[in-house]
Amino acid sequence: MLSTLTSIILWAIFGAIMGWWLGPATGFACLAFGLLIMVLVSGAHVSRIQKWTRNLNDPPPPSIGPWDAILAPVYRQLRRDRQEILDLNRHVDGIMMAAEALPDGAITLNAEMELQWCNQTACEHIGLNLATDRHHSIFNILRAPEFSRYARQLRWDGPLLLHINRDGLEKSLLLQLTPYGLGQFLIVTRDVTQVEKLETTRKDFVANVSHELRTPLTVLLGFLETLQDMPAESLPLEQRQRYEAMMLEQTRHMQSIVADLLTLSTLESSPTVEGETVQVSNLIQSALKQGEAISGGQHTFVTNLDPGLAIQGMETELSSAVSNLITNAIRYTPKDGTITVSWYVLDNGDACYSVQDTGIGIAPQDIPRLTERFYRVDKGRSRSTGGTGLGLAITKHIVMRHNAELQIQSRLGVGSLFTLRFPKSRVRILDN
Ligand code: ADP
């Protein structure tokens with residue numbers, strides 16, 4: 001403003017001098033000319049400023065006279081605001097990324113309980129689609145009566161356990177609703193399907209162990225009470241010996257169960273095993289010797305073993321798996337049956353240990369359950385032959401620890417084929 005005034009005064013002085021020197025008309029003409037130049041320069045400045053306003057990211061045009069003093073602070077403020085917006089955006093992005101990275105699902109609702117936002121985990125848990133479900137009531141999206149009852153409460157002290165079925169899969173979700181801000185709501189979802197399954201398995205396991213130990217304990221208690229109640233002389237020696245033999249048998253059975261349970265828990269403590277080179281054919285030979293003793297000449301044994309084939313693993317574990325399959329074949333194959341034991345390498349380098357029998361066989365629906373703890377197709381037969389129902393569960397764990405696979409093929413009344421297939425990475429070829 002000051003410089004404009006100064007320019008006018010200077011032009012006026014210049015006009016006055018020219019008027020005094022060349023006459024008033026020339027003086028006024030000079031003043032008019034000066035004012036015209038000022039208007040033109042000012043117009044040029046305004047048009048440069050207009051051009052700049054189209055892209056405020058660039059600095060304002062330089063040397064624009066009186067406008068410099070106005071535009072410089074405006075531009076500085078603009079830059080400060082822009083930086084602040086950038087920082088805020090970065091902060092919001094960071095919060096959004098953190099919310100996306102949450103292992104739990106997060107859903108925000110407005111005061112009318114309409115969906116505002118949710119992270120990817122919540123989409124997977126509940127099957128939300130933010131693009132189509134946004135601004136829709138959560139009650140229309142999550143249609144479960146127990147959720148409606150829960151969400152319509154006035155206070156939410158604890159979470160809700162919700163069982164939902166998504167794409168044919170049963171899921172257990174824990175949902176916690178919390179009010180926040182100005183009447184908004186936050187729902188946090190957690191998938192507890194696996195935890196629930198583990199809890200059920202744990203309960204079943206405790207129930208099974210108790211059930212398994214109860215039978216021999218009841219028998220033992222019965223005999224002990226009888227022996228205690230009866231005067232020693234009234235019990236013939238032969239009967240006493242029979243009782244003692246039965247008690248011994250039940251005690252041994254309980255001991256086998258406890259030993260197998262301990263083996264299982266040891267095996268479970270680590271997922272894989274390195275071990276050393278184990279000459280499997282030697283293990284099979286000694287398991288066969290024990291097997292022949294159990295069979296008592298009632299079965300025919302056929303063997304087909306490659307002595308140069310070894311496995312990188314734990315000898316004690318492999319020995320247990322090898323003899324378990326042979327013992328089972330003997331126990332579930334009637335007299336005069338044939339048991340074929342093979343140890344060979346496949347074309348792709350994998351090694352297989354297989355035990356084939358001509359025994360009672362297994363129905364197709366039972367095959368997938370054989371490796372469950374205490375699962376027996378015929379409880380009576382298993383118990384009468386000293387089975388604990390844990391043998392195949394142990395074998396499966398050993399197999400897993402050696403990165404191998406347990407394959408079971410069977411036909412009821414025809415026989416079974418149990419195969420342990422070891423990957424090439426575990427196979428070692430011995431020099432003779
Ligand atoms: P068990 O101690 O009862 O033999 P396992 O875990 O070794 O326990 O086997 C589980 C069940 O699998 C057995 O009870 C039996 O019903 C079935 N089974 C295992 N091996 C054979 C086989 N070779 N032929 C028929 N059934 C078998």
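The first residue in the sequence is number 1, and the count goes up from there. Only heavy atoms go into these numbers, but all of them, side chains included; no hydrogens, no water, no symmetry mates. Read the numbers this way: they start at 1 and go in the same order the structure lists the ligands and their atoms.
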Heavy-atom distances under 4.0 Å are what count here, so tell me which part of [X] touches ligand 1: side chain, backbone, both or neither.
X: Leu325; value: neither
X: Leu392; value: both
X: Phe418; value: side chain

Protein residue, atom and distance nearest to [atom], heavy-atom basis:
atom: atom 21 (C) of ligand 1; answer: Tyr332 CD1, 3.5 Å
atom: atom 3 (O) of ligand 1; answer: Ser382 OG, 2.5 Å
atom: atom 12 (O) of ligand 1; answer: Leu370 CD2, 3.4 Å
atom: atom 10 (C) of ligand 1; answer: Tyr375 O, 3.3 Å
atom: atom 7 (O) of ligand 1; answer: Asn328 ND2, 2.9 Å
atom: atom 23 (N) of ligand 1; answer: Asp357 OD2, 2.9 Å

Check your understanding: Can you name the residues that form a ring pair (Phe, Tyr, Trp, His ring centres under 6.0 Å) with Tyr375, not counting sequence neighbours?
Key ->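 Not a single residue meets the ring pair (Phe, Tyr, Trp, His ring centres under 6.0 Å) criterion with Tyr375.
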
Check your understanding: Angle class for the Phe147/Phe139 ring planes (parallel below 30°, perpendicular above 60°, tilted otherwise)?
Key ->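 Phe147 vs Phe139 ring planes: tilted.
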
In terms of side-chain geometry, is the basic nitrogen of [X] or [Y] positioned less than 4.0 Å from the acidic oxygen of its partner?
X: Arg149; Y: Glu146; result: no
X: Glu84; Y: Arg79; result: no
X: Arg376; Y: Asp378; result: no
X: Arg90; Y: Asp87; result: yes

Review point. Any chance the side chains of Ser354 and Thr419 put a donor and an acceptor closer than 3.5 Å?
Key: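 No.
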
Go through ligand 1 atom by atom and flag the ones less than 4.0 Å from a non-hydrogen atom of [X].
X: Val377; answer: 14 (O), 16 (O)
X: Gly387; answer: 2 (O)
X: Gly389; answer: 1 (P), 2 (O), 3 (O), 6 (O), 8 (O)
X: Ile362; answer: 25 (C), 26 (N), 27 (C)
X: Arg376; answer: 3 (O), 14 (O)

Check your understanding: Of all residues at least two apart in sequence or in a different chain, which pass the side-chain contact (heavy atoms from CB on, under 4.5 Å) check with Leu227?
Key ->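 With sequence neighbours excluded, Leu227 shows a side-chain contact (heavy atoms from CB on, under 4.5 Å) to Leu235, Arg240, Tyr243, Met247, given in chain and number order.
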
Practice item. Please verify whether a non-hydrogen atom of Gly359 lies at under 4.0 Å from ligand 1. Key: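 It does not; every heavy atom stays at 4.0 Å or beyond.
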
Review point. Judged by non-hydrogen atoms, does Arg331 sit under 4.0 Å from ligand 1?
Key: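 The answer is yes, since Arg331 has a heavy atom less than 4.0 Å from ligand 1.
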
Exercise for review: Could you pull out the closest heavy-atom pair between Asp58 and Trp52, with the gap in Å?
Suggested key: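 Scanning both residues completely, I find the closest heavy atoms to be O-NE1, 2.6 Å.
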
**Study point:** ring pair (Phe, Tyr, Trp, His ring centres under 6.0 Å) partner of Phe185, chosen from Trp117, Trp156, Tyr150, Tyr180
**Key:**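 Testing each of Trp117, Trp156, Tyr150, Tyr180 against Phe185, the sole residue satisfying ring pair (Phe, Tyr, Trp, His ring centres under 6.0 Å) is Trp156.
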
